[in-house]
Amino acid sequence: MKYYEKNQIENWDKAIEEAAQVIRKGGLVAFPTETVYGLGADAQNEQAVQKIYVAKGRPADNPLIVHIAHKEDLMKIAKDISDWVLHVTEKYWPGPLSVVLNRREDFCSAASAGLSTVAVRMPDHETALALIERSERYLAAPSANISGRLSPTKGRHVAEDMREHADIILAQDDLVLGLESTVIDARGSYPVILRTGCVTCEMLAANVGRAEIYDAAAEKPLLPGMKYVHYRPRATVMIVDGNLEEKSEKIQNFLETEIKTGIFCSEKLSKNIQCKDVVTYRSLNEAAQKFYATLREFDEKGCRKILCEKVEQTGIGEALVNRMENAAEGRYL
Ligand code: TXA
Ligand code: MG
């Protein structure tokens with residue numbers, strides 16, 4: 001594996017060119033996006049895509065997102081594209097929105113895990129876009145972590161998980177969002193959100209007139225991927241909710257009996273807490289950006305428990321609470 005770090009390399013362009021060659025030859029390249037790091041392979045090379053599944057230990061029925069560098073390329077991959085889909089991709093691409101559509105018969109099925117659909121996204125990151133463009137391929141790319149573990153937001157996290165599998169890691173730790181893209185089912189007359197993200201239900205509804213979050217409890221057929229558990233550290237995670245006083249008290253009581261606890265909370269709440277391992281944030285955006293890296297950091301420090309203050313479920317907060325609940329397996333303190 002080659003590890004290229006942008007701020008330690010003189011000619012980043014050359015590193016991208018070398019990575020593009022690896023893609024053309026059927027290898028695996030980990031690269032930054034605005035959300036989380038991806039592990040990319042030529043989407044139309046079946047053997048290359050297969051390597052992704054092996055590297056991640058990913059179940060064979062969980063499909064991958066195909067990444068493109070030009071909006072028009074959507075038409076070469078998917079079909080039956082409604083006007084509202086063109087409208088939202090025009091608005092949010094490049095950006096954290098993946099659209100699930102019917103796949104064209106002439107587009108390779110390798111990334112689709114046996115489905116007739118395909119998820120497509122145009123990432124908003126110069127290195128990701130340059131890699132796609134230079135390789136002259138579309139990149140099938142899941143998050144660059146071992147299946148079921150936390151998505152990586154730092155180059156060294158990718159190296160930890162993918163050391164033996166990635167041919168090249170392009171490390172550039174400037175990921176601005178920190179949570180995975182919003183995935184929508186775009187086959188119907190309005191968006192149905194399969195995975196929450198930065199592009200929220202309200203934003204989509206404002207653009208299309210109507211949008212829904214997929215209700216896993218309803219009697220609709222379950223889409224693959226949704227049944228798999230994601231975003232889990234080794235430590236036991238619990239969410240802390242309530243008003244400031246209640247949260248402070250719950251946490252202080254907990255700390256009296258539990259050693260080795262990491263706490264992820266707002267700067268405001270941290271002032272009421274005495275604990276060595278506290279990571280704080282001042283805004284929702286900062287909380288989202290730091291979330292995965294903080295959980296990894298607490299794991300590295302040997303924390304056995306992690307307490308996360310519940311954030312407001314507006315904007316990116318909706319996706320952040322979703323990832324927290326996943327990590328906590330629904331547990332509240
Ligand atoms: O932000 C992101 O989306 C990152 C970066 C690298 O682009 N990628 C990412 O990929 O998070 P992954 O594989 O970790 O998550 C993709 C999700 C999975 O839940 C998968 O089941 C779903 O998208 N998905 C992909 N193709 C699908 C399809 N054809 N139908 C339904 N769900 C699909
Ligand atoms: Mg993932």
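Just so you know, ligand 1 is whichever comes first in the structure, and atom 1 is the first atom listed for that ligand. The structure presented is a predicted model; accordingly, all values stated were derived computationally and were not measured.
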Quick one, K305 with M238, criterion side chain to side chain contact (heavy atoms under 4.5 Å, CB included). Give me CA distance, side-chain angles, the key distance, then yes/no.
CA-CA 8 Å; K305 301 277 163 61; M238 277 179 272; 4.0 Å; yes
Is the closest basic N to carboxylate O distance between [X] and [Y] below 4.0 Å?
X	Y	result
E245	K247	no
R195	D185	no
R304	E258	no
E297	K154	no
D80	R104	no

Distance under 4.0 Å to a non-hydrogen atom of [X]: what atoms of ligand 1 satisfy this?
X	result
T35	1 (O), 2 (C), 4 (C), 5 (C)
G38	6 (C)
S143	8 (N), 9 (C), 10 (O), 12 (P), 14 (O)
V100	28 (C), 29 (N), 30 (N), 31 (C)
A119	25 (C), 26 (N), 27 (C), 29 (N)

Out of T182, T33, N62, who is nearest to atom 18 (C) of ligand 1 when you count heavy atoms only?
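Nearest option to atom 18 (C) of ligand 1, by heavy atoms: N62.
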[X], any N or O under 3.5 Å of ligand 1 N or O:
X	value
R121	yes
K56	no
R58	yes
R195	yes
T117	yes

Can you tell me if H67 contacts ligand 1 (heavy atom of the residue under 4.0 Å from the ligand)?
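Distance cut 4.0 Å: H67 passes for ligand 1.
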Please classify the L64 to ligand 1 contact at 4.0 Å (heavy-atom distances, strictly less than): side chain, backbone, both or neither.
backbone
Measure from the ring center of Y281 to the ring center of F291 and say whether it is less than 6.0 Å.
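Distance test on ring centres: not under 6.0 Å, no.
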Calculate, to the nearest 0.5 Å, the distance between atoms CD and CG belonging to E325 and L320 respectively.
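Between E325 CD and L320 CG, I get 10.5 Å after rounding to 0.5 Å.
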For Y292 and E180, does a side-chain donor sit closer than 3.5 Å to a side-chain acceptor?
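Side-chain D/A pair, Y292 to E180: present.
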Is there an N/O/S atom in S143 that lies less than 2.8 Å from the Mg ion (ligand 2)?
yes
